[in-house]
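Read the structure below first, then the notes.
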Protein chains: 2
Amino acid sequence: MVQYIAPPLDLSFAALSDATRRGIIDLLGHGDASITSLADAFQMTLTGMKKHVQVLERAGLVVTQKVGRVRTCRLGKRGLKAEAEWIEAHRKLFEARFDALDEIINEIQQGGSDEGAV
Amino acid sequence: MVQYIAPPLDLSFAALSDATRRGIIDLLGHGDASITSLADAFQMTLTGMKKHVQVLERAGLVVTQKVGRVRTCRLGKRGLKAEAEWIEAHRKLFEARFDALDEIINEIQQGGSDEGAV
DNA sequence: ACAACACTGAACTATATGGTTCAGTATATA
DNA sequence: TATATACTGAACCATATAGTTCAGTGTTGT
């Protein structure tokens with residue numbers, strides 16, 4: 001069994017940081033597509049589109065397969081699980097932080113000038 | 001009322017694509033911090049850390065405030081809502097896509113020639 | 001055989017990132 | 001007042017991105 005090194009979040013978040021690439025994922029969500037059709041859809045040269053697809057591929061978000069002269073792109077099995085998990089975990093941190101702040105504000109408003117050192 | 005243009009997902013995903021910056025968010029989730037303390041934590045020059053914080057600030061993920069000579073960084077109120085929403089919506093697309101594939105595979109298998117090509 | 005098609009690779013541009021050093025400015029402290 | 005602290009800005013470096021053009025290669029259709 002070949003060990004699959006999961007592309008780190010670096011690659012997937014970087015891949016998602018471009019609107020064209022998010023659009024590609026969007027489009028592939030509704031059906032597989034060739035490089036040419038993607039290039040048409042986003043008004044871009046074939047070469048330019050190929051680079052975007054490569055970025056998505058490196059991130060594991062898209063897989064491609066060449067049959068004859070056509071390379072077909074589809075969403076990767078990996079999905080967005082790891083990314084969703086990171087975001088959710090940290091969303092909780094954000095909220096916890098604001099709850100802590102609210103407490104401090106409440107304490108200050110109570111009138112007690114005790115150091116709100118959080 | 002000043003119109004606040006929400007930083008697009010481009011900026012936040014790009015901000016999250018670096019492990020150091022994800023680490024900063026992690027750290028700020030447990031308490032506010034100065035540039036110096038962050039630079040220490042990540043073994044980096046002050047100037048380098050300041051750039052990271054600026055990237056996070058532009059993305060709206062972190063806010064800073066300078067008091068005296070110390071700039072304190074904390075998590076931004078904006079949170080990760082928009083990012084979570086994008087990820088979740090597209091996670092569903094990924095899964096729907098695989099369900100569609102499974103159906104096709106089932107159909108093929110009904111017909112006999114079982115190419116396990118997935 | 002030959003033209004059209006789909007992709008690929010190299011090379012080039014402009015800009016951004018991730019980091020540094022070095023030289024400041026402003027603030028706190030002894 | 002002098003010194004240390006905390007940050008800031010400019011300049012530099014190497015690499016990556018986002019895009020292009022141009023010149024191929026290999027495949028399909030007539």
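Remember, predicted model here, so these are calculated numbers, not experimental data. Naming convention: chains lettered A, B, ... in sequence-line order (proteins, then strands); numbering from 1 in each chain.
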Exercise for review: Among D/dT17, C/dT29, C/dA4, find the nucleotide with the atom closest to the side chain of A/Arg21.
Suggested key: D/dT17

Point to revise | Whole-Å distance separating the NZ atom of B/Lys50 from the P atom of C/dG18 | key: 16 Å

Check your understanding: Quick one: do A/Glu95 and A/Lys92 make a salt bridge, cutoff under 4.0 Å?
Key -> no

Practice item. Rounded to the nearest angstrom, tell me the gap between atom CG in A/Leu56 and atom P in D/dT17. Key: 12 Å

Exercise for review: Kindly say whether, by distance alone, the side chain of B/Thr47 makes a donor-acceptor pair under 3.5 Å with the base of D/dG9?
Suggested key: yes

Review point. Quick one: is B/Arg71 getting a side-chain N or O under 4.0 Å of the C/dA26 phosphate, OP1 or OP2?
Key: no

Study note, to complete from the structure: Checking D/dA6, D/dG19, D/dT27 against the side chain of A/Met44 (C-beta onward), the nearest is D/dG19

Review point. How close or far is atom P of C/dA26 from atom CG of B/Leu46, stated in whole angstroms?
Key: 17 Å

Check your understanding: Roughly, in whole Å, what's the span from CD in A/Gln65 to P in C/dA6?
Key -> 18 Å

Point to revise | Touch class at under 4.0 angstrom, heavy-atom based, for B/Ile35 against every strand present | key: sugar-phosphate

Check your understanding: Could you walk me through whether A/Glu83 and A/Ser12 pass the side-chain hydrogen bond (donor to acceptor under 3.5 Å, both in side chains) check?
Key -> CA-CA 8 Å; A/Glu83 293 72 25; A/Ser12 46; 2.6 Å; yes

Practice item. Any ring-ring contact (aromatic ring centres under 6.0 Å, His included) involving residues 17-70 of chain A? Give me the pairs, sequence neighbours left out, ordered by first then second residue. Key: none

Point to revise | Side-chain N,O (A/His52) to OP1/OP2 (D/dG19) below 4.0 Å | key: yes

Practice item. Look at the side chain of B/Thr20 against the base of C/dG18 and say whether a donor-acceptor pair falls under 3.5 Å; ignore hydrogens and angles. Key: no

Point to revise | Separation of atom CG in A/Asp10 from atom P in C/dA16, rounded to whole Å | key: 21 Å

Exercise for review: Report which part of the nucleic acid A/Gly68 touches: base, sugar-phosphate, or nothing (heavy-atom distance under 4.0 Å, all strands).
Suggested key: sugar-phosphate

Point to revise | d(CE, A/Met49; C1', D/dT21) in whole Å | key: 17 Å

Revision key, fill the gap. Between B/Met49 and B/Ile35, the two heavy atoms sitting closest are CG-O, 3.7 Å

Study note, to complete from the structure: By nearest-heavy-atom nucleotide on DNA chain D, the more 5' of A/Val67 and A/Lys51 is A/Lys51

Check your understanding: Are the side chains of B/Thr72 and B/Thr64 in touch, meaning some heavy atoms are under 4.5 Å apart?
Key -> no

Review point. Starting at CZ of A/Arg69 and ending at P of C/dT8, how long is that distance when rounded to a whole Å?
Key: 13 Å

Exercise for review: Calculate the interatomic distance between B/Gln54 atom CD and C/dG19 atom P; express it in whole Å.
Suggested key: 14 Å

